[in-house]
Structure formats: structure tokens, C-alpha cells
Amino acid sequence: MLKRGSALDRYFKISERGSNVSREIRGGFATFFAMSYIVVLNPLILSGPDSTGATLGFPAVAAVTALVAGILTILMGAWAKHPFALATGLGVNAFVAVTVATNPGLSWPDMMGLVMLSGVTMLILVLTGFRTAVFKAVPEGLKTAIVVGIGLFIALIGLVNAGFVRRIPDVAGTTVPVGLGFDGKLLGWPTLVFVFGLILTIALVVRKVKGAILIGIVASTILSVILEATLHIGPSFDGKTHNPQGWSLVAPKFTGWAAPDLSLIGKANPFGAFEHLGFVAATLLAFVILLSIFFDAMGTMVGLATEAGTIDKDGNIPNVDRVLQVDALGAIIGGGASVSSNQIYVESGAGIGEGARTGLASIVTGLLFLVAMFFTPLINLVPFEAVAPALVIVGFMMVSQVGKIDWQDWGIAIPAFLTFTLMPFTYSIANGLGAGFITFVLIRTVQGRAREVHPLMWVVAAAFLLFFAIGPIEAALGIH
């Protein structure tokens, strides 16, 4: 048992933050299980050929995704000392894949090079203090809205991952974009696993059982493995056919040991996009990547730190510069390893909900990612449906902050509302932040209170206006 005042306790401030080693370990495992799907999902997103017909390769992307996530998450824990885990960012990797597919002459190394350059720019902004200054310039009401928005977002991720909420096909007469289950009905054993896990986790959390979230994940995983072994349910999509009653991505089963393929490391070409697309087009692409990773991390960091209770009375996050430095390195290293920008994951909230408060939990999560390079069963044994209940519960915990917003001040209330609604509705933290920041500046100006707006908020709002106008700008310049 760790002694209060020991070197480990002092370094991570475990006792000071009201935690202990067992909570940190449980939290590390919970976070890993909640986000381990990225090792399987990232290769699927980055699976298409580039203009030369070359592909990155599923095994290589999976191995390097786990490696980079492990290294950066350990670095976050050891250097920044927060329970924040990193992995390839969803949204950025999708943007990268679509850009490669729709721009003739652009190769995977070229695009990953742009990700690297965006990370270098980000690191410069961090080292000069600009990124931290922007964080401090955000009003407290908007910071609270960020927490609420991420809570709604993470809950939606859980519900969608479990198949409890699904997108309705685009057919004539359809009036709503999403619905309950399949065709309005809850069907399939995987859905049962989610419902079982959610009910169990709620009961354990309400009873304040230690390890409630992790127990829910493990119990749901055991049920999943038993059901798959006896009923052979299979995934929802096996590359050929769709099975609406199957597991959303990973069918829980033992898949064996595999040596990691790390051949993608160092393949990025930082200036290839400028050679093939021209300076203006390449710069616009880099700007979109930069703005996305700039604000995604800030929003996620605020939400998670608030939930963990590590924000001080002045709204500051300890070691915030270090957190942002590691996040910037995530883009540099992720791009250089050809798996796209790595960023802080909202699923870290699963570990925080389990009690994690320090970087020790991140070290545990990072080590599990490194192990996952070799033992794919650690990934394939845990389906989305077993983890989704944890995300829903953590979402509830974060949304409970909504009462701190001053709803009588419309200059804060309307931007806050747009912030926390657009995050889940557009599946993007950056979009919610952009809408909130722009409307905050606009309304304060209309109210005759423009002097109350921090100068950096004007800069950020202008940058987001440009961000939202990228489509028309690209169309005007003939960029696809």
C-alpha cells in the first residue's frame, strides 16, 4: 500500500488530489477499455488508397496507432501528471482520409506531412504562451458550457457505439436523422449487453460501489464473450454484408498474438503537399487541421479537468502548459508515424469517473496500449457495447455542471447553449466552440459591452469565422 508522503505520492500528488493507487489503476484500465476501439477503427478510416494507389495497410496502422497512443499517454501522465489519455483523433483522421481520397496528386506521406507541420505550428504557439493565453481568456460560463457539451457528446458516442441510437437511412419521407435502435426497435443481443451494462453501472454508481464503472465494463465484456461464443453473432459489418443485429465493430473473441508492423514510422513528407497542391491549397488544409486540433484539445482538457476536480478556484489547470505541449507533440508524432494527429480523448472521462485524478492512471493506460500492439485480444475482447454504458454515465456526471451557467445573462447563456448543443449535434468539439465564441463576441458587441471581451477572444472568433468559411473559400479557389 502506498504511503502518504512517499516519492510516488508526492510526484503525482495522489493523496493531495484525494486518490490512491488502486483508484488510479482502475481508472487507467477503464480509460483503456473505453478508447481501445481506436486501434481497430483507425485502420478502417485510413484504409483507402491515395492518388498513387498506395495504402497504409491495416496491420501497420493498427500497430502504430497503439504504439503512438501508448507513448504519448505515458508522456502525458509522467510529464503533465493528468489522467488524460491520447490517441488518434476522430474527426482529424476522417478529414485526412477524405482529403487524400478527393485530391488527385496527394499521397498519404504528403497528407501526414501536413499534420506534422500543423503540430509544429501548434508547439510554437504553446511555447510562446499564446495557446495558454487563449485558454485563460475564455469566460467561465463558456468553460462550463464546454464541460456540458463534452458530457452530451460523450453520452451520444456511447449510445451510438452501442447501436441504441442509430442514423436513419436517407429515404423519402424521413423526417428525423436518428432514431431508437433498428427501425425504431431494440433488437439483437449486443443491445441487450448495453442495456445490461447500463443498468448494472447505474445501480453500482448509485450504491457508491468502488470500481463501479470498471465492474460494469468487465461484467458486460464477460457476457459479450459468452454470447458470441455460443450464438456466433458476428460484427454489424464484415466488409461484405451488413448485420444490424451484430456487434457495432468488434465481435468479442480471441484473435491470437501478432508481431507489430512498425514500417509506417518516418514515412511522412512534410512539404510534399506544397509541391503537389501549391502553396495556397496546402496552407488552407494545414489551417483546418491546426484549428481543429487547437480547440478540440482545449475543450476536452477543460471538461475532463473540471470533472476530475483539478481546476483551481481561478479556473486554471495545473501544468496546463505541459498538457498542451504533449498535445502538440501528438500531432507531430502522429503525423510522423502516419496515423494522423493524436489528441486528448473524451473517453478519459471513464477513468476519471472511476476515481482517477493523476498521471499515474495515464501511465497505466499507456502501458496497456503498448501491450495491445502484441496482444490483440485485449482489443477484440471488449466490444463497444460493453464500454458504452460507462460513457453514458460519465456524460451524465459532466452535464450536471449546467446549473453553474448564468442563464439570466444572455451574453453568456446563448453562446453556452450553442456550444453544448452543437458539440454532439455536429459530432465536433471544435464546431461547438466556434459557434459559442463567435456569438459571445457578437452579443457582447450588440449589448454595448464590447470592452468586456478579451482581445484574444476577438482573434479566436475571427479565426473561427475563417474556419467556417473554408468551404466557400476552397470552392472559390477551385480546391476540392
Count the heavy atoms of every other residue, nucleotide or ligand shown that sit under 6.0 Å from [atom1] of [X], and state whether that count exceeds 12.
X      : atom1 : result
Trp79  : CH2   : no
Phe440 : CZ    : yes
Phe468 : CZ    : yes
Phe425 : CZ    : no
Tyr427 : OH    : yes
Phe274 : CZ    : yes

Query raised in the report: Under the criterion side chain to side chain contact (heavy atoms under 4.5 Å, CB included), which of Val323, Leu324, Val320 is the partner of Val126?
Result: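 That would be Leu324.
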
Taking [X] for its side chain and [Y] for its backbone only, find out whether a donor-acceptor pair lies under 3.5 Å.
X      : Y      : result
Glu24  : Thr358 : yes
Ser400 : Met397 : yes
Tyr11  : Lys81  : no
Glu354 : Ile213 : yes
Thr73  : Gly70  : no
Asn161 : Phe384 : no
Ser348 : Ala85  : yes

Return the set of residues passing salt bridge (charged side-chain N to carboxylate O under 4.0 Å, His left out) with [X] (not counting sequence neighbours), or none when no residue passes.
X      : answer
Arg357 : none
Arg23  : none
Lys143 : Glu140

Report task. Give the intermediate values and the outcome of side chain to side chain contact (heavy atoms under 4.5 Å, CB included) for residues Glu347 and Ile157. Result -> CA-CA 9 Å; Glu347 284 86 347; Ile157 289 173; 4.1 Å; yes

Query raised in the report: Does Lys136 have any side chain to side chain donor-acceptor pair (under 3.5 Å) partners at least two apart in sequence or in another chain, and if so, which?
Result: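 Applying side chain to side chain donor-acceptor pair (under 3.5 Å) to Lys136 gives none.
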
Report task. Can you sort out the partners of Thr300 under side chain to side chain donor-acceptor pair (under 3.5 Å), two or more places apart, ordered by chain and number? Result ->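 In terms of side chain to side chain donor-acceptor pair (under 3.5 Å), with neighbours along the sequence ignored, Thr300 is linked to no residue.
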
Side-chain heavy atoms of [X] within contact of [Y], under 4.5 Å:
X      : Y      : result
Asp327 : Arg131 : yes
Phe369 : Ile74  : no
Thr221 : Pro252 : no
Ile352 : Val394 : no
Phe194 : Leu198 : yes
Val96  : Met112 : yes
His82  : Pro318 : yes
Met423 : Leu152 : no

Query raised in the report: Pick from Asn42, Asn342, Thr88: which one makes a side-chain hydrogen bond (donor to acceptor under 3.5 Å, both in side chains) with Asn93?
Result: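 Going through the options one by one, the only one that passes is Asn42.
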
Could you tell me the separation between the [atom1] atom of [X] and the [atom2] atom of [Y], rounded to the nearest 0.5 Å?
X      : Y      : atom1 : atom2 : value
Met111 : Leu277 : CE    : CG    : 9.0 Å
Met301 : Ile344 : CE    : CD1   : 6.5 Å
Leu72  : Gln343 : CG    : CD    : 11.5 Å
Thr144 : Asp406 : OG1   : CG    : 10.5 Å
Phe420 : Phe153 : CZ    : CZ    : 15.5 Å
Asn20  : Asp9   : CG    : CG    : 10.0 Å

Query raised in the report: Does a donor on one side chain and an acceptor on the other come within less than 3.5 Å for Asp110 and Ser107?
Result: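 Checked: Asp110/Ser107 side chains pair up, N/O donor to acceptor below 3.5 Å.
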
Report task. Check side chain to side chain contact (heavy atoms under 4.5 Å, CB included) between Leu290 and all other residues, then give those that pass, not counting sequence neighbours. Result ->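 Checked Leu290 against side chain to side chain contact (heavy atoms under 4.5 Å, CB included); matches are Ser118, Thr121, Met122.
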
Query raised in the report: Should Thr365 and Met76 be marked as a side chain to side chain contact (heavy atoms under 4.5 Å, CB included) after you check the CA-CA gap, both sets of side-chain angles, and the distance that decides it?
Result: CA-CA 11 Å; Thr365 301; Met76 177 66 77; over 6 Å; no

Requested in this report: Let me see the working for Ser220 and Glu385 under side chain to side chain contact (heavy atoms under 4.5 Å, CB included), right down to the final yes or no.
Outcome: CA-CA 8 Å; Ser220 299; Glu385 290 81 358; over 6 Å; no

Requested in this report: Begin from the C-alpha positions of Leu8 and Phe12 and carry the test side chain to side chain contact (heavy atoms under 4.5 Å, CB included) through to its verdict.
Outcome: CA-CA 6 Å; Leu8 185 66; Phe12 287 108; 3.4 Å; yes

